[in-house]
Amino acid sequence: MEETYARLLCPECGKHWESAPTDLPDVSTTFHCPSCHATRRLSEFARTEHDLKTMKQF
């Protein structure tokens with residue numbers, strides 16, 4: 001079985017990371033970058049449209 005992950009990218013500092021979608025809050029929830037603490041909706045951290053769809057599925 002393959003593990004699903006979402007790739008995230010901070011729009012302010014450019015930090016890249018991956019996370020299991022089940023470990024993330026809803027895409028409309030306010031989220032904070034673990035590096036620079038920028039605050040935006042989680043959907044704005046999705047690296048690609050595919051990553052956003054993956055987060056929405058879970």
Side-chain angles (χ1 to χ4, degrees):
M1 181 176 195
E2 284 187 44
E3 189 171 329
T4 302
Y5 63 91
R7 296 176 305 164
L8 303 167
L9 172 66
C10 178
E12 291 198 30
C13 72
K15 177 180 174 58
H16 302 247
W17 73 99
E18 297 176 352
S19 184
T22 55
D23 294 341
L24 296 170
D26 184 81
V27 294
S28 63
T29 302
T30 301
F31 187 75
H32 307 283
C33 172
S35 183
C36 73
H37 304 289
T39 303
R40 296 175 183 240
R41 289 178 306 172
L42 177 60
S43 61
E44 295 183 45
F45 286 89
R47 195 166 181 192
T48 65
E49 188 67 31
H50 181 299
D51 294 312
L52 181 58
K53 288 179 184 176
T54 299
M55 289 191 289
K56 286 180 177 180
Q57 284 180 338
F58 294 89

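Numbers here are sequence positions counted from 1. Because the structure is predicted, anything quoted here is derived from the model rather than measured. These numbers come from the heavy atoms of this one structure, side chains and all, not from hydrogens, waters or symmetry mates.
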With Arg40, which residues qualify under side-chain hydrogen bond (donor to acceptor under 3.5 Å, both in side chains), at least two apart? Glu12, Glu44

Run the side-chain donor-acceptor check on residues 21-32: report pairs under 3.5 Å with partners two or more places apart or on a different chain.
{"unit_1": "Asp26", "atom_1": "OD2", "unit_2": "Ser28", "atom_2": "N", "d": "3.0"}
{"unit_1": "Asp26", "atom_1": "OD2", "unit_2": "Ser28", "atom_2": "OG", "d": "2.6"}
{"unit_1": "Thr29", "atom_1": "OG1", "unit_2": "Asp26", "atom_2": "O", "d": "3.1"}
{"unit_1": "His32", "atom_1": "ND1", "unit_2": "Thr39", "atom_2": "OG1", "d": "2.8"}

Linking I/L/V/M/F/W/Y whenever any side-chain heavy atoms sit under 4.5 Å apart, do Met55 and Leu9 land together? no

CZ (Arg47) with more than 12 external heavy atoms under 6.0 Å: yes

Quick one: side-chain hydrogen bond (donor to acceptor under 3.5 Å, both in side chains) partners of Thr48, sequence neighbours excluded? Asp51

Show every salt bridge (Lys or Arg N to Asp or Glu O under 4.0 Å) that has at least one partner inside residues 13-22, sequence neighbours left out. none

Minimum side-chain heavy-atom gap Cys13-Cys33 below 4.5 Å: yes

Is any side-chain heavy atom of Cys10 closer than 4.5 Å to a side-chain heavy atom of Phe45? yes

Which residues pass the side chain to side chain contact (heavy atoms under 4.5 Å, CB included) test with Glu49, sequence neighbours left out? Leu52, Lys53

Using side-chain hydrogen bond (donor to acceptor under 3.5 Å, both in side chains) as the criterion, list what pairs up with His37, not counting sequence neighbours. none

